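Let me begin by presenting the structure, written as structure tokens, before commenting on it.
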Amino acid sequence: MKNKKIIYIVGGIIIACMIGIIVFYNWGISASSSKDEEVIVTIEQGSTASQMLNTLEDAGLVNNKLCGQIFLKLNHYDRLQANTYVLNKNMSLSEIFSIIENPDFKYILSSKLTIKEGTTIPEVAESFAEILNISADEVIKQWDDQEYLQSLTEEYWFLDESILDKDILYPLEGYLYPETYYITEQEPDLKSMTKLALDMMDERLSEYKDDIEKLGWTPHQFLTFASIVERESLFDEDRPKIAGVFINRLNKDMLLQSDITVNYAWQRTGVDVSVSHTQIDSRYNTYKYTGLPIGPISTISKVTIEACIQYEHHDYYYFFAKEDGTVIYSRTYKEHQKIVEENRWY
């Protein structure tokens with residue numbers, strides 16, 4: 001009877017151990033994350049399954065390497081294909097190796113689109129044009145198609161009739177989220193690539209939807225404001241403070257007098273603005289028109305969006321950026337004039 005009891009105990013321990021091993025193994029070959037996070041992985045020509053496992057581990061796609069090695073022993077992959085893949089951390093090892101064995105075009109990197117922070121539509125169009133093998137002018141022309149734009153206002157909550165105003169230079173200015181996008185389509189078109197950037201803006205901006213409403217602005221007004229802060233700030237730490245300066249001016253119904261809005265109206269770059277430049281009759285010209293410009297003037301980063309939502313409350317109404325990017329703030333115009341005279345570099 002005693003021996004029988006020992007057998008039961010030992011048997012129970014063995015079963016518990018086996019269950020533990022199975023649970024551990026299943027965890028080890030499962031997805032490394034529940035989040036949707038794309039990862040680019042290049043599998044070199046001639047790589048063995050074991051070498052591929054090392055590459056996947058380096059990319060953060062493997063929970064446990066030992067489990068991965070056991071997985072490869074239990075499953076024989078004889079036709080693994082070298083390629084650059086767009087994989088995801090929510091994929092299991094089984095899914096990943098199935099993709100590498102029988103590649104689907106939707107997982108193979110065809111090209112890469114990079115939209116930089118603080119860039120304008122003509123600059124962004126160049127990046128699209130390079131991939132599509134068309135001219136930047138053709139990209140801009142398609143982005144100006146009224147029927148297409150109208151369809152976008154019906155699809156995205158943050159796009160409204162404001163982008164259809166005849167005085168808007170580029171309707172999608174400020175709406176294409178700055179990010180690196182991995183294109184898997186073998187023959188991508190402009191609309192599908194534009195959708196990637198608009199979908200990302202939807203994802204990023206939705207997080208702040210309630211905050212934007214609390215500010216009393218439409219998404220168009222908010223992005224217009226944020227784009228000015230984006231272009232006026234060289235360092236992240238200055239963004240909330242510069243946003244506060246512009247908020248103070250708006251609350252006092254003062255002209256924003258942002259040089260970069262004047263340059264945008266002229267479609268020129270640089271920081272120098274002459275008196276004659278400020279005379280341009282454009283609704284982007286914040287030296288001539290009070291309130292916000294008619295629309296955004298550049299792409300906008302997440303850090304700037306957050307800086308504008310959580311702008312710094314203070315009593316500064318002026319600021320001046322020195323040549324090294326250091327910003328000096330002033331409460332009065334007299335103080336500001338003195339600072340400009342002492343530090344002007346352009």
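Just so we're clear, the structure is a prediction, and the values are computed from it rather than from any experiment. Atoms considered below: every heavy atom in the structure, side chains included; atoms not considered: hydrogens, waters and symmetry mates.
- Partners of S127 under the side chain to side chain donor-acceptor pair (under 3.5 Å) rule, at least two apart in sequence or in another chain, do not exist in this structure.
- Annotation: the span from D160 atom CG to L164 atom CG amounts to 8.5 Å, rounded to 0.5 Å.
- Side-chain contact between F246 and F319: present, with at least one pair of heavy atoms (C-beta onward) separated by less than 4.5 Å.
- When only modelled atom types and interatomic distance are considered, D137 and S135 share no side-chain donor-acceptor pair under 3.5 Å.
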List the atom pairs, donor and acceptor, that lie under 3.5 Å between side-chain atoms in residues 56-68 and the rest of the protein, sequence neighbours left out.
residue	atom	partner	partner atom	Å
N63	ND2	W27	O	2.9
N63	ND2	S30	O	3.4
N63	ND2	S30	OG	3.2
N63	ND2	A31	O	3.1
N64	OD1	L66	N	3.1
N64	OD1	C67	N	2.9
K65	NZ	N54	OD1	2.7

Side-chain donor-acceptor pairs of residues 206-216 under 3.5 Å, sequence neighbours excluded:
residue	atom	partner	partner atom	Å
S206	OG	W157	NE1	3.2
S206	OG	D202	O	2.6
S206	OG	D202	OD1	3.0
E207	OE1	K302	NZ	3.3
Y208	OH	K302	NZ	2.9
Y208	OH	E306	OE2	2.6

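- Under the side chain to side chain donor-acceptor pair (under 3.5 Å) criterion, E185 pairs with S192, not counting sequence neighbours.
- Considering only residues two or more places apart in sequence or on other chains, D36 meets the salt bridge (Lys or Arg N to Asp or Glu O under 4.0 Å) condition with none of them.
- Residue H314 is tested with Y316, Y311, Y317 for a ring pair (Phe, Tyr, Trp, His ring centres under 6.0 Å); the sole match is Y316.
- Side-chain contact check for D281 and Y289: at least one donor-acceptor pair (N or O, by modelled atom type) lies under 3.5 Å.
- Taking the side chain as every heavy atom from C-beta outward, Y25 and F71 approach each other to under 4.5 Å.
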Side-chain donor-acceptor pairs of residues 221-236 under 3.5 Å, sequence neighbours excluded:
residue	atom	partner	partner atom	Å
Q221	OE1	T218	N	2.9
Q221	OE1	T218	OG1	3.4
T224	OG1	H220	O	2.7
S227	OG	L223	O	3.4
S227	OG	T224	O	2.7
S227	OG	I297	N	3.0
E230	OE1	S301	N	2.8
E230	OE1	S301	OG	2.9
E230	OE1	T304	OG1	2.7
E232	OE2	S258	OG	2.6
S233	OG	V229	O	2.7
D236	OD1	R239	NE	3.1
D236	OD1	R239	NH2	3.4

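- By the criterion of side-chain heavy atoms lying less than 4.5 angstrom apart, applied directly or through intervening Ile, Leu, Val, Met, Phe, Trp or Tyr residues, F128 is grouped together with L152 in one hydrophobic cluster.
- Between N90 and E37 the shortest side-chain heavy-atom distance does not fall below 4.5 Å.
- Using a 3.5 Å distance cut-off with no hydrogens or angles, the side chains of Y107 and E95 do not pair a donor with an acceptor.
- Ring centroid separation for the pair Y318 and Y329 does not come in under the 6.0 Å cut-off.
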